[in-house]
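Here, residue 1 is the first one in the sequence, and each next residue gets the next number.
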Amino acid sequence: MNAIVALCHFCELHGPRTLFCTEVLHAPLPKGAGDSHGQGEQVEEEEGGIQMSSGTCTHSPAEGASAESSSPGPKKSDMCEGCRSLAVGHPGYISHDKETSIKYVSHQHPSHPQLFSIVRQACVRSLSCEVCPGREGPIFFGDEQHGFVFSHTFFIKDSLARGFQRWYSIIAIMMDRIYLINSWPFLLGKIRGIIDELQGKALKVFEAEQFGCPQRAQRMNTAFTPFLHQRNGNAARSLTSLTSDDNLWACLHTSFAWLLKACGSRLTEKLLEGAPTEDTLVQMEKLADLEEESEGWDNSEAEERVPVLPEGAEGRDLTKCPTDSSLLSDCDSWQPQKLSVFKSLRHMRQVLGAQSFRMLAWHVLMGNQVIWKSRDPDLVLSAFEVLQTMLPVGCVRAVPYSSQYEEAYRCNFLGLGLHVQVPAHVLASEFAVVVEVHAAARTSLHPASYKDDQPLSKYEFTVTSGSPVAADRVGPTILNKIEAALTNQNLSVDVVDQCLICLKEEWMNKVKVLFKFTKVDSRPKEDTQKLLSILGASEEDNVKLLKFWMTGLSKTYKSHLMSTVRSPMASEPRN
C-alpha cells in the first residue's frame, strides 16, 4: 500500500511534531537507512544492491546538523527530548519483504521534501484543528493536493506533564481516498491495538511514579507559582521513558510495516465483467453434464471402448508409428496437417470466394445442416471451428468426422469422407449445404492470392445447395454486417472477432425478448409482428434466424423466466 504511517506528538514547547514515520519504498533505498536487526551498526546487503554506511547520512534529517541545512525537518535547537525519537547517529529501521521486493523504511521524518511537507501538515491538522469530540478517537480529513489522512488521537499518562498526560496521534496518509475509506475498519482496529499497548505501558510507569512520589500534593503547594518556572529538566520526557521500553521504536517500526503490508494486501482489484453471457451459461451447463456423465462411467467399460478412427486408418497399428520427426510422413495419412487449416472467417472468405462464402454463411446462420466432405479431417475441423464463431454456443451441434451420414436433427455441422454417400433428398434439400474438397489440378487457379493461403492451394472447394442463395438477396441483417466487417481491410482480425461477439450479443438479446414475448407471455401474432418490427427483425430471414437462435438459450435462463412467471408477483394483471 502506497501510504505513510506516522506517530505524532503535541509538544508544549514546540507544538505539533512528527516523532516516527514508516514509508514504503519500491525503488533502491537511499543511503543512510539501517536495518531493523541492529541499531547504529553498519549493514551491507549485496543481493538487494543496498549498502549502509554509518559515516554518510547516518542520522535522521531531523537532527539539524550543518551539513543537512537543506534537509527537511526542524533544526536541533527547535527540538527537545520529547520531540525526538531516534538518537543522534541512528540510521533508522528497514524491513525487507522478499515476496514483493518492497522495503519499509522508518525515520523520524521522511527524507523527501515533498513527503515531509505532507506529513508535517497532516501532523499539525491532526493535533490542532481536526479533532473529534472528546479529543480522543479517529477522524478522517484531507484533499487531493495534500493527501487524505486517517488520524487517531490519544493521551499518554505522564506524571510530570500538565494534566498528567501528553497528547499523541497515529496517522495514515495516502492519496487514494476510496481505498483509505474502505480500509477504515481495518485501520481502526489495528491502530487501536497499538494505542492500547502504548497506554498500558505508560500507565504502569505512571502508577509506579505516583506511588513513589505523588505529584498532585506537591503541585497543590506550588499552585500560585508560574507553571513553566517549576518545570525541571526531565519534564519534557521522550516516549521511551514514558513507557520504560528501550525497544519501543523498533517495535513501532515492526507494527507500522506490518500495518502497511496487511492493509495493502487485504483489498484487491477485480475485473467485473457483469452478468454471464448465454454462451458462458451454456458452456457451464455442458461442463456440468460432462462431469455427471463421467461419474457414471464404468472403468471396465471405458477400457473396452475402441476409438473410431478416421478414414484411411483401418488396418494400421498406430502404436508402432515411429516417433522421430523425420519419419512422421510414413505414418497414417490422416495425421494433423497444421498448415492446411482456416485461420479466420476472412481467410475462409478469401479461399472460397465471396459468393460461395455468403451461401455457406447464410445456411450456417439459418441453422441448416452444413456438410463438409474431405480426406483431411483437420481441414474440416478447422472449418467448423471458424464457422461456429458466427453462432451462439447453444446452437452448435457438431460431428467433426463421421464414417456415415448423420441426420440433421442430430447435428448441424457434419464432416464426412469423400467416399461417404449423402442421401439424395439431402442434396436436393433447401435446408442443407454441401462443401466438397478435392485435390486441385496443377493448372487450376485458386481464388486465394495471398502467401498465407498457399497451403490450401492444393484443394478445390465446391459449395452446392438445393436452395442457392441469390447474390441480390437481402439476407439476415447480421450476415450483411459480418460481410461488411470482413471486407473492411482497416479492421484487423482481432477487431473483427470482437465485432462478431458484439453482433451475437445484440441478436441474442433480441432472441431473449422474443422468447419472453411468445413462449412465456403467449402474446398474439399481431403483437409479435409489432415486436419484430420494433426489434428491426421483421424480414423473413431475420425471423428464421431468431427462431433458430432461440434453441440456443441456456436452461438456466429458461428456468429463471418460468420461475418468474409462476411467482405470485407475476400473476398480477398488467396495466
Side-chain angles (χ1 to χ4, degrees), residues 271-283 341-368 370 381-396 398 412-413 433 435 447-450 452-453 456 463 469 471-515 532 534-554 557:
L271 178 62
L272 300 179
E273 299 181 353
T277 61
E278 283 299 301
D279 286 356
T280 304
L281 292 176
V282 173
Q283 289 173 349
V341 295
F342 294 101
K343 301 176 182 178
S344 62
L345 282 174
R346 178 177 290 173
H347 183 199
M348 179 178 288
R349 188 173 186 273
Q350 294 170 351
V351 172
L352 300 181
Q355 184 175 357
S356 297
F357 174 81
R358 180 176 176 83
M359 179 190 302
L360 178 61
W362 184 88
H363 284 279
V364 170
L365 293 172
M366 293 294 105
N368 299 334
V370 178
L381 182 60
S382 69
F384 287 169
E385 289 178 350
V386 170
L387 291 174
Q388 289 170 10
T389 59
M390 292 190 294
L391 293 178
V393 175
C395 295
V396 176
N412 56 341
F413 291 93
V433 60
V435 182
S449 60
Y450 294 89
D452 293 339
D453 302 330
L456 292 176
V463 183
V469 179
D472 56 349
R473 184 168 180 172
V474 177
T477 305
I478 188 173
L479 176 58
N480 299 327
K481 292 184 177 180
I482 290 176
E483 285 194 316
L486 295 178
T487 55
N488 189 348
Q489 296 300 323
N490 294 327
L491 302 180
S492 64
V493 175
D494 294 335
V495 174
V496 172
D497 292 340
Q498 295 301 317
C499 292
L500 192 58
I501 293 175
C502 295
L503 287 174
K504 288 194 297 182
E505 284 298 308
E506 176 188 353
W507 282 83
M508 280 304 294
N509 290 333
K510 297 180 180 181
V511 169
K512 291 179 180 180
V513 174
L514 183 62
F515 179 82
L532 292 173
I534 295 174
L535 295 177
S538 58
E539 296 80 3
E540 180 182 0
D541 285 347
N542 288 329
V543 174
K544 291 181 179 179
L545 183 142
L546 292 176
K547 290 182 178 180
F548 168 58
W549 283 29
M550 198 178 294
T551 61
L553 289 174
S554 62
Y557 178 77

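- For the atom pair CZ (Phe515) and CE (Met508), the distance works out to 10.5 Å, reported to the nearest 0.5 Å.
- Here the closest heavy-atom approach between residue Arg346 and residue Leu486 is recorded as NE-O, 3.1 Å.
- One distance of note links CG of Asp541 with CG of Leu546; it measures 11.0 Å at 0.5 Å rounding.
- For the pair Val433 and Asn368, the minimum side-chain heavy-atom distance is 4.5 Å or more.
- Between Asp494 and Gln498, every side-chain heavy-atom pair lies at or beyond the 4.5 Å cut-off.
- No side-chain heavy atom of Lys481 sits under 4.5 Å from any side-chain heavy atom of Leu500.
- Cys502 has its side chain out of reach of Glu505: every pair of non-hydrogen atoms, C-beta onward, lies at least 4.5 Å apart.
- When all heavy atoms of Asp279 and Pro392 are compared, the pair lying nearest together is OD1-CA, 3.5 Å.
- Under a cut-off of 6.0 angstrom, the local environment of NZ in Lys512 is crowded, with over 12 non-hydrogen atoms contributed by other residues, nucleotides or ligands.
- Atom CD of Glu278 is separated from atom CD of Gln283 by 11.5 Å, given to the nearest 0.5 angstrom.
- Closest approach of Thr551 to Cys395, counting heavy atoms only: OG1-SG, 4.1 Å.
- Side-chain contact between Met359 and Leu352 is absent, with no heavy-atom pair separated by less than 4.5 Å.
- Residues Trp549 and Ile478 form a side-chain contact, since some pair of their non-hydrogen atoms from C-beta on lies under 4.5 Å apart.
- Side-chain contact between His347 and Val493 is absent, with no heavy atoms from C-beta onward closer than 4.5 Å.
- Between the CZ atom of Phe413 and the CG atom of Leu391 there is a distance of 5.0 Å, given to the nearest 0.5 Å.
- In this structure a side-chain-to-backbone donor-acceptor pair under 3.5 Å is present from Ser382 to Phe342.
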- Message: With side-chain contact (heavy atoms from CB on, under 4.5 Å) as the criterion, how do Leu387 and Met348 come out once you've worked through the C-alpha distance, each side chain's angles and the decisive distance to 0.1 Å?
- Response: CA-CA 9 Å; Leu387 291 174; Met348 179 178 288; 3.5 Å; yes
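- Nearest approach of Leu479 to Ala361, heavy atoms of both residues: CD1-CB, 3.6 Å.
- Of all heavy-atom pairs spanning Gly367 and Asn412, the tightest one is O-CB, 4.2 Å.
- Listed for the Lys504 side chain is a donor-acceptor partner under 3.5 Å among the backbone atoms of Thr389.
- Leu491 contributes atom CG, which lies 11.0 Å from atom CG of Asp497 (distance to the nearest 0.5 angstrom).
- In this structure, Pro476 and Asn542 approach most closely via the heavy-atom pair CA-OD1, 3.2 Å.
- The line from CE of Met366 to CZ of Phe548 is 9.0 Å long, rounded to the nearest 0.5 Å.
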